[in-house]
Q: 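The structure under discussion is supplied below as structure tokens; questions concerning it will follow.
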Amino acid sequence: MSPRSAAVSTLAAGLLAIYPLLFVWGNEQLPRSVLVAVFGALVVLRMVTGQSLSSAALKVLVPLLTLFCLLVAFDPELRALRAYPVLLCLAGFVYCAYTLRVPPSAIERFMRRTGLVPTPFQARYMRGVTLLWLGFFGLNAIVTAYLGWAASLTVWAWHTGFVSYLVMGLLLIGEYLFRLWYRRREAEQSA
């Protein structure tokens with residue numbers, strides 16, 4: 001990936017990460033058609049400039065994105081745009097569930113992409129971490145869907161644009177601290 005493509009991909013990913021907060025601001029400042037167009041452009045930019053997608057992934061993503069755009073186009077209250085974070089959580093949930101069913105686990109796959117090969121002990125640990133993320137994505141999808149439907153736009157935006165990222169950060173920190181303890185345990189068992 002070229003540096004320019006990487007920069008565009010990073011910018012699109014960053015804007016999509018704070019999408020709920022931008023949605024609240026844009027909902028009051030921009031015509032709805034512009035808001036939908038900006039969102040669509042960000043998603044397409046992210047897909048085009050991100051990591052290359054397999055043909056199997058494209059066969060799933062393109063129809064889903066098309067269906068989503070149709071829902072947005074015929075939704076006068078733009079509630080469908082509130083579904084985007086739910087779809088992301090569901091995608092994370094499905095991916096984690098799939099990798100637990102068809103090993104290696106999601107975390108192990110990520111580790112292997114860096115060139116590291118885990119020991120069986122580490123692979124079991126990574127399976128547990130993948131299970132933790134499966135739970136997070138499932139619970140967050142439920143909460144986000146509920147807030148998108150029943151809560152005010154502001155409450156939804158704060159949850160999806162801030163609180164869920166805060167919880168993710170706490171999960172990462174907690175997992176890191178637990179991993180340090182776990183590594184000591186692994187070293188003691190192998191000694």
Side-chain angles (χ1 to χ4, degrees), residues 7-51 53-54 56-100 106 110 130-175:
V8 171
S9 180
T10 302
L11 176 63
L15 290 173
L16 284 170
I18 60 168
Y19 156 76
L21 299 174
L22 293 174
F23 178 74
V24 169
W25 173 83
N27 196 36
E28 296 173 5
Q29 306 295 325
L30 301 170
R32 290 175 186 254
S33 58
V34 172
L35 190 62
V36 171
V38 167
F39 172 75
L42 287 173
V43 170
V44 169
L45 263 176
R46 181 69 178 134
M47 284 178 67
V48 169
T49 60
Q51 294 179 353
L53 297 171
S54 68
L58 285 173
K59 285 178 184 177
V60 172
L61 286 175
V62 170
L64 284 177
L65 186 57
T66 303
L67 176 63
F68 183 70
C69 289
L70 287 171
L71 287 172
V72 169
F74 294 105
D75 180 10
E77 295 182 30
L78 294 182
R79 281 201 189 268
L81 282 178
R82 294 189 198 187
Y84 176 71
V86 177
L87 295 175
L88 289 180
C89 287
L90 289 176
F93 180 85
V94 168
Y95 179 69
C96 288
Y98 172 78
T99 64
L100 288 171
F110 178 74
T130 300
L131 190 59
L132 174 73
W133 283 104
L134 175 82
F136 167 77
F137 285 128
L139 183 60
N140 199 43
I142 292 167
V143 170
T144 303
Y146 172 77
L147 293 176
W149 185 256
S152 71
L153 190 58
T154 303
V155 170
W156 169 83
W158 274 104
H159 172 77
T160 56
F162 179 72
V163 173
S164 61
Y165 289 114
L166 179 64
V167 172
M168 285 170 58
L170 291 173
L171 273 175
L172 287 169
I173 291 168
E175 187 277 325

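Only a predicted model underlies this, so the values are computations on that prediction, with no experimental measurement involved.
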Q: Would you give the length of the straight line joining atom OG1 of Thr160 to atom CG of Leu21, rounded to the nearest 0.5 angstrom?
A: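 Result: 7.0 Å between the selected atoms.
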Q: Can you name the closest pair of heavy atoms from Trp156 and Pro85 and give their distance?
A: CZ2-CG, 3.8 Å
Q: Nearest 0.5 Å, please: how far is CG in Leu100 from OH in Tyr95?
A: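 One finds 10.5 Å between OH of Tyr95 and CG of Leu100.
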Q: May I ask you to decide if Cys96's main-chain N or O and Thr99's side chain share a donor-acceptor pair within less than 3.5 Å?
A: yes
Q: Look at atom CZ of Phe110 and say whether more than 12 heavy atoms of other residues, nucleotides or ligands are closer to it than 6.0 Å.
A: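 At most 12 heavy atoms, drawn from other residues, nucleotides or ligands, come within 6.0 Å of this atom.
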Q: Tell me the closest heavy-atom pair linking Thr130 and Ala106, and the distance in Å.
A: OG1-N, 3.5 Å
Q: Rounded to the nearest 0.5 Å, what's the gap from CG on Leu134 to OH on Tyr98? Could you check?
A: 15.0 Å
Q: Quick one: are Phe137 and Leu90 in side-chain contact, heavy atoms under 4.5 Å?
A: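 No, every pair of side-chain atoms sits at 4.5 Å or beyond.
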Q: What is the minimum heavy-atom distance between Ala157 and Val24, and which atoms define it?
A: CB-CG2, 3.2 Å
Q: Tell me, do Arg82 and Leu147 make a side-chain contact under 4.5 Å, heavy atoms counted?
A: no
Q: Any non-hydrogen side-chain atom of Leu132 less than 4.5 Å from a side-chain atom of Leu171?
A: yes
Q: If the plane angle is over 60° it's perpendicular, under 30° parallel, otherwise tilted; pick one for Trp158 and Phe162.
A: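 Answer is perpendicular, since the angle exceeds 60°.
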Q: So, taking the atom named OG1 in Thr144 and the one named OH in Tyr84, what distance separates them when rounded to the nearest 0.5 Å?
A: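 Here the interatomic distance stands at 12.5 Å.
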